[in-house]
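The block underneath contains the structure these notes are about, expressed in C-alpha cells.
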Amino acid sequence: MGNNFFMEHPDFPIFRFDNILSTNSYLKQNIDKYAPFTTIWSDGQEKGRGRYNRSWISQKGKDLTFSILLPLNKSSIEYWKNITQVAAYAISEELKILNFNTQIKWPNDILINNKKVCGLLCEVVEQNKQSYAVLGIGLNVNSSKEELEIIDQPATSLYFESGKIVDRDILIIKVISSVISMSNELMNNGFFDFKSKILTRLAWNHEIRTIEDGKKQFDGKILDLNDDGTLKFQKNSGEVLNLISGEISFKKGS
Ligand code: BTN
C-alpha cells in the first residue's frame, strides 16, 4: 500500500497513498477511520474499478484517482441519485477555468472532443446508522497518447488535449473543494438549478445514439434532461423513455 501522508487543508483532509488496489474499495472498508469530507488519494491503483464492473486504467504518478467521503442526510434522499451528475458538473467547471471545453456524457462521464477524460463511481455505504457516499473520481491528467491507447474506449487526458503537463497537487484541491461545495448545494437546494447548467454541456443532445439500459439496447435521440436529472430519450419507434440510468454508446446509433 505504501506510506501515506496527510495534506493539511483547512476544509478537508487528504490522505495520499503510493499504491492501493482501489481508493473506493479502501475507503469503503476503512470508513470508520476517516472523518466526513476526507479524501483518499492514491498515485496508483492496482484494481481500479469503473461502473458496470469494468476496470479503470490510469497511469501511476500521472493521473488522478481518488475518493471523497460525503456524509448523506436522509432528509435529502431524493437527491442522492444526482450526486455524480453534480460532481461531474463541478469538475467540468474547474476544467473550464483551465480552458478545457468539456461535455457531460449523461449521467456522469466528462468528455473532451468526444473522448472520455473523467469517470465517476459513487457507492452508498451505511456506517453506524449514518449513510455516506464514497465518490470515486478518475481523471486522466498527464497520461500520454500511447498510454491512453490501451483504454478500451475513446479516451483522452488534459496533457494530450493541451500539450501541457498539469500540476496534480493544485488540481486535486480545486476539484475536491468544488465537488464538496456543489454537492452541499445539491443537498440543500435540490437538483433543479443544476439542470440548465448541465444541459448546456450535455454531450450529443438531439443526436442519434444507442443507449444500453440493463440488458436492453435502444437506438434513438436524446431529447432533454428532465428536472430530476433523468434523461428524456426518444426511441426510433417514437416512444419516449425517461431513463434513470444507462450507458450511452460512443458510436452513433443506426
Ligand atoms: C467509470 O467511468 O466507469 C467510473 C470510473 C471511476 C474510477 C475511479 S478512480 C478512483 C476510484 N477508485 C476506483 O476503483 N474507481 C474510482
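Positions are given from 1, in the same order as the sequence printed here.
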Legend entry - Residue list, ring pair (Phe, Tyr, Trp, His ring centres under 6.0 Å) with Phe37, at least two apart or on another chain: none

Legend entry - Hydrophobic cluster of Tyr159, others only, ordered by chain and residue number, side-chain cut-off 4.5 Å: Ile165

Inset, instruction - List in chain and number order the residues that pass ring pair (Phe, Tyr, Trp, His ring centres under 6.0 Å) with Tyr34, two or more places apart in sequence or in another chain; answer none if no residue qualifies. - result: Phe15

Legend entry - Backbone N/O of Ser143 and side chain of Asp63: donor-acceptor pair under 3.5 Å: yes

Inset, instruction - Say whether, by atom type as modelled, one donor and one acceptor occur between the side chain of Thr39 and the main chain of Trp41 under 3.5 angstrom. - result: no

Inset, instruction - Hey, could you give me each pair passing salt bridge (Lys or Arg N to Asp or Glu O under 4.0 Å) that has a residue in residues 110-122? Not counting sequence neighbours. - result: Asp109-Lys116, Lys115-Glu161

Legend entry - Any pair counted as salt bridge (Lys or Arg N to Asp or Glu O under 4.0 Å), so long as it reaches residues 26-36, sequence neighbours left out: Lys28-Glu123

Inset, instruction - Would you indicate whether Lys96, at its atom NZ, is surrounded by more than 12 heavy atoms from other residues, nucleotides or ligands within a distance under 6.0 Å? - result: no

Inset, instruction - May I have all residue pairs that pass salt bridge (Lys or Arg N to Asp or Glu O under 4.0 Å) and include part of residues 131-146, sequence neighbours excluded? - result: Lys145-Glu149

Inset, instruction - For Ala35 and Leu69, work out which heavy atoms get closest and say how close. - result: O-CD2, 3.7 Å

Inset, instruction - Write out all pairs satisfying salt bridge (Lys or Arg N to Asp or Glu O under 4.0 Å) with one or both partners inside residues 169-178, taking only residues at least two apart or from two chains. - result: Arg16-Asp169

Inset, instruction - State which residues pass side chain to side chain donor-acceptor pair (under 3.5 Å) with Ser92; sequence neighbours excluded, sorted by chain then number. - result: Thr102, Arg201

Legend entry - ring pair (Phe, Tyr, Trp, His ring centres under 6.0 Å) partners for Trp56, two or more places apart: none

Legend entry - Smallest separation among heavy atoms of Ala203 and Leu111, with atom names: CB-CD1, 3.9 Å

Legend entry - Set of residues satisfying side chain to side chain donor-acceptor pair (under 3.5 Å) with respect to Ser67, sequence neighbours excluded: Thr23, Asn24

Legend entry - Presence of salt bridge, Lys221 and Glu207, under 4.0 angstrom: no

Inset, instruction - Would you please say whether a donor-acceptor pair under 3.5 Å links the side chains of Glu147 and Ser144? - result: yes

Inset, instruction - Using the test side chain to side chain donor-acceptor pair (under 3.5 Å), find all partners of Asn114 that sit at least two apart in sequence or belong to another chain. - result: Trp204

Legend entry - Thr230 backbone acceptor or donor facing Asn242 side chain under 3.5 Å: no

Legend entry - Exceeds 12 heavy-atom contacts within 6.0 angstrom, atom NZ of Lys60: yes

Legend entry - Mutual orientation of the aromatic rings belonging to Phe218 and Phe233 [parallel < 30°, tilted 30-60°, perpendicular > 60°]: tilted

Inset, instruction - Could you check Arg168 against Asp43 for salt bridge (charged side-chain N to carboxylate O under 4.0 Å, His left out), going step by step and ending with a plain yes or no? - result: CA-CA 10 Å; Arg168 294 179 307 147; Asp43 266 317; 2.9 Å; yes

Inset, instruction - With sequence neighbours excluded, tell me which residues meet side chain to side chain donor-acceptor pair (under 3.5 Å) with Glu247. - result: Arg51, Arg54

Inset, instruction - Inspect the surroundings of CD1 in Ile77 and state if more than 12 heavy atoms from other residues, nucleotides or ligands are less than 6.0 Å away. - result: yes

Inset, instruction - Please check if the side chain of Gln130 supplies one atom and the backbone of Gln127 the other of a donor-acceptor pair under 3.5 Å. - result: no

Inset, instruction - Give a yes or no on whether the backbone of Phe160 and the side-chain of Ser157 come within a donor-acceptor separation of less than 3.5 Å. - result: yes

